[in-house]
Structures are given as C-alpha cells and as structure tokens.
Peer 1: 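Okay, handing you the structure first.
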Amino acid sequence: MIQDDDVPLCIMPDFDDTLQRLSDLFMAYKTCRRRTCRWHESCQGGFGPPCYLHQRNLFADAVRYELDDYRAYWTAQRRRAKARTPSGSQ
C-alpha cells in the first residue's frame, strides 16, 4: 500500500484534468451527455468530467483492453498532421 508520505500531493496530477485528457484520448465526447462536448468534439471539463461519471466502464475497458489501439490511432493522426503542407492540402 502507498503511504501518504510517499507521494506529495503537490506533484500529483489534477484528477479532473487527467480525466478530461483521457476523455479526449478515448473520444468519449461522442457519447457524452453534455451537448457542448459533442459539439466541440472534445471534453469541455467540469466535475468528473460528466462522461466519466456516466460511463466509468468506458474508461476502465479502454485502459484495460484498448489503449494500444488508441495509441496507434493518435500516432497515425499526428503523422498525417505533420505530413500536411502549410496550406492544409496534401
């Protein structure tokens, strides 16, 4: 078990911020109950964030079973973005 003195709270990531980033990584905004997240196609934050509170199993399953697939998807997206010319055409 981790002792309280082992991990100073000042260096731990903010829980809501971490979940917001995971939400974007897992594209949870597609099924988020908040219209603004679906509209902006990214988590707009808030307590929880709401998509995590509503669908905890999505996050757990994504980390447990699908994280390699998400990494490959976003690696390919970054590669395509770098390959684009400055004008936006390929």
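These numbers come from a predicted model, not from an experiment.
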Peer 1: Using 0.5 Å steps for rounding, measure from the CG atom of Leu25 to the CE atom of Met27.
Peer 2: 8.0 Å
Peer 1: Any ion pair linking Arg71 and Asp68 (charged N to carboxylate O, less than 4.0 Å)?
Peer 2: yes
Peer 1: Work out which heavy atom in Arg38 is nearest to a heavy atom in Lys30; give both atom names and the distance.
Peer 2: CD-O, 3.9 Å
Peer 1: With a 4.5 Å heavy-atom cut-off, do Asp24 and Arg21 have their side chains touching?
Peer 2: no
Peer 1: Once rounded to the nearest 0.5 Å, what's the spacing between atom OG1 of Thr75 and atom CZ of Arg78?
Peer 2: 4.5 Å
Peer 1: Going by the rule ring-ring contact (aromatic ring centres under 6.0 Å, His included), which residues pair with Tyr70 if we only count those two or more places apart in sequence or in a different chain?
Peer 2: Phe26
Peer 1: Using modelled atom types only, decide if a donor and an acceptor are shared between the side chain of Gln44 and the backbone of Ser42 within a distance under 3.5 Å.
Peer 2: yes
Peer 1: Hey, is the main chain of Cys43 close enough, under 3.5 Å, to the side chain of Arg34 for a donor-acceptor pair?
Peer 2: no
